[in-house]
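Worksheet: the structure to be examined is printed underneath.
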Number of protein chains: 2
Amino acid sequence: MNIGQASATSGVSTKMLRYYESIDLIPQASRTEAGYRIYSVKDVNTLRFIRRARDLGLSINRIKLLVGLWQDRERSSADVKRVATEHVAELDAKILELTAMRDTLQDLADACHGDHRPDCPILHDLEGGGRLSTQAGVVTKDASHPKYGTAHGAIPRHEA
Amino acid sequence: MNIGQASATSGVSTKMLRYYESIDLIPQASRTEAGYRIYSVKDVNTLRFIRRARDLGLSINRIKLLVGLWQDRERSSADVKRVATEHVAELDAKILELTAMRDTLQDLADACHGDHRPDCPILHDLEGGGRLSTQAGVVTKDASHPKYGTAHGAIPRHEA
DNA sequence: CTTGACCTTCCTATCGTGGGAAGCCCCACC
DNA sequence: GGTGGGGCTTCCCACGATAGGAAGGTCAAG
């Protein structure tokens with residue numbers, strides 16, 4: 001099986017196949033005399049495993065762990081579960097963060113009449129301080145919007 | 001005001017200040033004789049605007065649009081609203097995608113006893129095909145889990 | 001033997017951010 | 001008037017995971 005067939009049957013692009021090999025997620029494929037990579041059915045199974053793990057949003061590093069556990073008959077399911085649970089926690093955090101953004105923006109959009117007039121609460125908000133309080137340190141308007149605070153502060157932007 | 005002070009009062013790092021200038025999100029700052037960048041209070045306000053827009057997850061390109069609209073007295077609020085609404089739609093899509101992943105993984109983790117034994121439904125799922133049906137083409141188990149299909153297929157991974 | 005599809009490696013880009021090196025500048029302190 | 005430390009400059013590299021493309025070798029069918 002060459003790389004094209006392995007790609008087609010595993011759902012992993014040839015680009016990614018070579019990349020995964022380069023970062024040692026999968027072992028170096030053996031080669032034909034001409035230098036073509038050769039894949040076995042077992043290799044393709046591993047690739048499908050990886051593909052599904054990626055579909056669940058797992059990072060390459062976690063997938064490395066999972067593949068290792070998968071191939072280890074002495075593994076404990078607790079180890080597998082921990083990897084999954086950590087990822088769920090990260091997904092939850094991300095979902096919370098995005099939801100806070102979404103809600104804020106949706107509320108602002110709802111408050112915007114959206115016609116020919118220039119006046120716009122969205123711009124006003126961006127201009128003024130993400131729902132007041134940032135500027136003067138004293139909240140002067142309506143403090144009954146707890147969700148507006150969530151997206152501020154330490155937002156590790158490059159983490160996702 | 002030099003770049004350090006502008007950074008401190010706007011919440012945008014000096015790295016990002018120079019980067020934003022390089023991609024023409026903000027105009028080239030004027031310079032002292034020694035080549036130091038100079039920022040005005042107006043510049044800092046723009047930077048705060050940008051910072052808040054980033055906090056809401058808006059892309060640099062959308063922020064470019066918004067800054068343009070913000071500084072255009074003839075703008076129509078409809079244009080601003082459209083940018084916001086598009087971003088909300090993307091956030092919604094992303095949230096849906098992440099939630100599907102989360103739910104699947106959480107269910108699998110729930111089904112995993114997580115002890116010393118090697119047997120694990122998480123690995124079984126990754127191995128077997130994201131909740132069966134992929135392998136044989138015929139669903140043989142429990143089809144009442146509509147959420148398990150959502151994360152598959154065309155997932156533009158690099159879009160986020 | 002040619003043609004076209006496939007393979008190889010290597011470089012580039014994405015997106016937004018941070019880290020760091022090498023070198024110049026400025027101010028305060030002695 | 002020096003000097004030291006912190007700030008500024010530019011430039012390069014890294015991340016994570018993926019795609020695109022160029023230049024060249026290979027294979028199989030016609």
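It should be emphasised that the depicted structure is a prediction, and the values quoted were computed from it without experimental measurement. Values below: every heavy atom of this structure, side chains too, minus hydrogens, waters and symmetry copies. Residue numbers start from 1 in every chain, and the chains themselves are labelled A, B, ... in the order their sequence lines are given, proteins ahead of strands.
In this structure A:F49 satisfies the ring pair (Phe, Tyr, Trp, His ring centres under 6.0 Å) test together with A:W70, sequence neighbours excluded. Among residues two or more places apart in sequence or in another chain, the side-chain contact (heavy atoms from CB on, under 4.5 Å) test is passed with B:S7 by B:T14, B:L17. For B:Q5, there are no side-chain hydrogen bond (donor to acceptor under 3.5 Å, both in side chains) partners at least two apart in sequence or on another chain. Residues meeting the side-chain hydrogen bond (donor to acceptor under 3.5 Å, both in side chains) test with A:E21, sequence neighbours left out: A:R37. With sequence neighbours excluded, the residues that form a side-chain hydrogen bond (donor to acceptor under 3.5 Å, both in side chains) with A:S40 are A:D43.
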- Message: If you apply the rule salt bridge (charged side-chain N to carboxylate O under 4.0 Å, His left out), what do you find for B:D119 with B:R117, and how did you get there?
- Response: CA-CA 6 Å; B:D119 199 42; B:R117 286 170 294 175; over 6 Å; no
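Residues from residues 31-41 of chain A with heavy atoms under 4.0 angstrom of DNA chain D, sorted by number: A:A34, A:Y36.
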Pick out the pairs of N or O atoms, protein on one side and nucleotides 20-23 of chain C on the other, that lie under 3.5 Å.
{"residue": "C:dG20", "atom": "O6", "partner": "B:K15", "partner atom": "NZ", "Å": "2.3"}

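Contact annotation: B:T14 side-chain N/O to D:dC8 OP1/OP2 distance is not under 4.0 Å. Within the 4.0 Å cut-off from OP1 or OP2 of D:dT18, at least one side-chain nitrogen or oxygen of A:Y20 is found. Phosphate proximity of D:dT18 to A:R18: absent, as no side-chain N or O sits under 4.0 Å from OP1 or OP2. The phosphate of C:dG18 (OP1 or OP2) has a side-chain N or O of B:S13 nearer than 4.0 angstrom.
Across the protein-nucleic acid pair, B:M16 atom CE and C:dG19 atom P stand 11 Å apart, rounded to whole Å. Rounding to whole angstrom units, CD1 of residue A:I23 and C1' of D:dA17 are separated by 9 Å. Spacing between atom CE of B:M1 and atom P of D:dG7 amounts to 15 Å, rounded to whole angstrom units. Between A:Q5 atom CD and D:dA28 atom C1' the separation is 13 Å, expressed in whole Å. Residue A:E21 contributes atom CD, which lies 12 Å from atom P of C:dC10 at whole-angstrom precision. To the nearest angstrom, C1' of D:dG16 lies 14 Å from NE2 of A:H87. In this structure, the OH atom of B:Y19 is 6 Å from the P atom of C:dG16, given to the nearest Å. In this structure, A:I3 places its CD1 atom 19 Å from P of C:dA5, rounding to the nearest Å.
The rotation axes computed at either terminus of the helix from C:dC1-D:dG30 to C:dC30-D:dG1 lie 30° apart, taking five pairs at each end and rounding to 10 degrees.
Within the structure, ring-ring contact (aromatic ring centres under 6.0 Å, His included) contacts touching residues 21-48 of chain A (residues at least two apart or in different chains) do not occur. Sorted by first and then second residue, the salt bridge (charged side-chain N to carboxylate O under 4.0 Å, His left out) pairs involving residues 66-76 of chain A (not counting sequence neighbours) form an empty list. Pairs engaging residues 79-88 of chain B under the salt bridge (charged side-chain N to carboxylate O under 4.0 Å, His left out) rule: B:R62-B:E86, B:D79-B:R82 [sequence neighbours left out]. Judged as a ring-ring contact (aromatic ring centres under 6.0 Å, His included), not a single pair has a partner in residues 90-116 of chain A (not counting sequence neighbours).
Nearest heavy-atom pair across A:I23 and A:K64 is O-NZ, 3.2 Å. In this structure, A:S10 and A:L47 approach most closely via the heavy-atom pair CB-CB, 3.6 Å.
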